[in-house]
Trainee: 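Below are the structure tokens for one structure; questions will follow.
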Amino acid sequence: MLDRFTMPLTHRPLASMARYLNNRQITPDQVTLVAFLVGMSALPLLAFEYYVLALMAILLNRLGDGLDGALARLSGQQSDAGGFIDIGLDFVFYAAVVLGFALANPGQNALAAAVLLFAFIGTGTSFLAFAIAAKARNVERPNFPQKAFYYLEGLTEGTETVIALVLFCLFPHYFPWLAGLFAVACLVTAATRLWGGYWTLKHSRGIGR
């Protein structure tokens, strides 16, 4: 919901950092991999309740997630392969953060973490399934033309997810409530994406089942 507003604000600083990396022969895939490894360090940090350090790892991961795309566009290295590994590692990272909170306090957090992971399955599969069909049909993507995949909007997008992860780390004792609220928002997103995606594809070329 908020990505269309926040992404233009990050374009200039990310482009500046991308130029710096490009001048040093650093590739987008390298940035993707390093950002993923840094982000995955949040899992043990959360498990041992080092929430501030985990938050730093999460924010660095999200910075890298924006930077690899900016670098790919600048260097002319955009590809389906790069987009695939980027989004695939993103979902692994998101799940790892939720698992970290479950491990930190299983008695308090495990159920909420399970519900949130269930909701993530809905948002992730609706997003990727539509992207595959939209790619096959050459459906236009007016709001996010720079994305490697068709970016199907929803109530919870990248910006909302980052906000949620930050709140989890800042208020870990409220994780069950925060995770529950975010899970509801994710389920709403999954439902609207399935509904909207179905009708978009059904009418894109007038072909239904």
Trainee: Is the shortest distance from a Lys or Arg side-chain nitrogen in Asp68 or Arg73 to a carboxylate oxygen in the other one below 4.0 Å?
Mentor: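 Not counted as a salt bridge, because no side-chain N and carboxylate O are separated by less than 4.0 Å.
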Trainee: Rounded to the nearest 0.5 Å, what separation is found between the CD1 atom of Ile58 and the CG atom of Leu165?
Mentor: 5.5 Å
Trainee: Rounded at 0.5 Å granularity, tell me how far OG1 in Thr10 sits from CG in Leu67.
Mentor: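 The CG atom of Leu67 is 10.5 Å from OG1 of Thr10, to the nearest 0.5 Å.
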Trainee: Out of curiosity, does Leu178 fall in the hydrophobic cluster containing Val162 (side-chain heavy atoms, cut-off under 4.5 Å, transitive links)?
Mentor: yes
Trainee: Distance-only, no hydrogens or angles: does the Gln108 side chain make a donor-acceptor pair with backbone N or O of Asn105 under 3.5 Å?
Mentor: no
Trainee: I need the Thr159 OG1 to Arg62 CZ distance, nearest 0.5 Å.
Mentor: 10.5 Å
Trainee: Indicate, with yes or no, if Phe168 and Ile163 share a hydrophobic cluster defined by side-chain heavy-atom contacts under 4.5 Å among Ile, Leu, Val, Met, Phe, Trp and Tyr.
Mentor: yes
Trainee: Give me the atom names and distance for the closest heavy-atom approach of Ala18 to Leu71.
Mentor: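 It is O-CD1, 3.4 Å.
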Trainee: Would you say Leu55 and Val166 make side-chain contact, with heavy atoms under 4.5 Å?
Mentor: yes
Trainee: Do Phe120 and Phe91 pass the ring pair (Phe, Tyr, Trp, His ring centres under 6.0 Å) test, and can you show the C-alpha distance, the side-chain angles, and the key distance before you say yes or no?
Mentor: CA-CA 8 Å; Phe120 277 174; Phe91 282 116; 8.0 Å; no
Trainee: Is there a donor-acceptor pair under 3.5 Å between the side chain of Arg24 and the backbone N or O of Tyr20?
Mentor: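 Pair found, side chain donor or acceptor close to backbone of Tyr20.
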Trainee: Does some side-chain heavy atom of Leu89 sit less than 4.5 Å from a side-chain heavy atom of Asp65?
Mentor: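 Asp65 vs Leu89: side chains apart.
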Trainee: So Tyr51 and Phe101, do their side chains get closer than 4.5 Å, heavy atoms only?
Mentor: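 Phe101 reaches Tyr51 side chain to side chain.
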Trainee: Between Leu116 and Leu167, is there a shared hydrophobic cluster once you connect ILVMFWY residues whose side-chain heavy atoms come closer than 4.5 Å?
Mentor: yes
Trainee: Under the criterion side-chain contact (heavy atoms from CB on, under 4.5 Å), which of Thr27, Leu74, Val31 is the partner of Leu21?
Mentor: Val31
Trainee: Do Asn61 side-chain atoms and Ala57 backbone N/O form a donor-acceptor pair below 3.5 Å?
Mentor: no
Trainee: Strictly by modelled atom types, are Ser75 and Asn22 linked by a side-chain donor-acceptor pair under 3.5 Å?
Mentor: no
Trainee: What are the two closest heavy atoms between Phe36 and Phe93, and how far apart are they?
Mentor: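 Here Phe36 and Phe93 meet closest at CE1-N, 4.3 Å.
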Trainee: Hydrophobic clusters here meaning ILVMFWY residues chained together by side-chain heavy-atom distances under 4.5 Å, can you tell me if Ile121 and Val92 are in one?
Mentor: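 No, no single cluster joins them.
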Trainee: Check for a donor-acceptor pair, side chain of Arg193 on one end and backbone N or O of Thr123 on the other, with a separation under 3.5 Å.
Mentor: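 Here the side-chain-to-backbone pair exists.
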Trainee: When clusters are formed by joining ILVMFWY residues with side-chain heavy atoms under 4.5 Å apart, either directly or through shared neighbours, do Phe48 and Met56 land in the same one?
Mentor: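 Linked, Phe48 and Met56 end up in one cluster.
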Trainee: Looking at every non-hydrogen atom in both residues, tell me the closest pair between Leu46 and Cys169 and how far apart they are.
Mentor: CD2-SG, 4.2 Å
Trainee: Shortest non-hydrogen contact from Ala102 to Ala113?
Mentor: CB-CB, 3.8 Å
Trainee: Are the side chains of Leu33 and Asp29 in contact, using a 4.5 Å heavy-atom criterion?
Mentor: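 Contact flag for Asp29/Leu33 side chains = no.
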Trainee: Considering residues, nucleotides and ligands other than Met40, do more than 12 of their heavy atoms fall under 6.0 Å from its CE?
Mentor: yes
Trainee: With heavy-atom distances below 4.5 Å as the criterion, would you say the side chains of Phe130 and Leu194 are in contact?
Mentor: no
Trainee: Side-chain contact, heavy-atom cut-off 4.5 Å: Glu49 with Leu103?
Mentor: no
Trainee: Can you name the nearest heavy-atom pair linking Leu14 to Leu63, along with the distance?
Mentor: CD2-CD1, 4.0 Å
Trainee: Which heavy atom of Thr161 sits nearest to which heavy atom of Tyr94, and what is that distance?
Mentor: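 Of all heavy-atom pairs spanning Thr161 and Tyr94, the closest is CG2-CE2, 3.6 Å.
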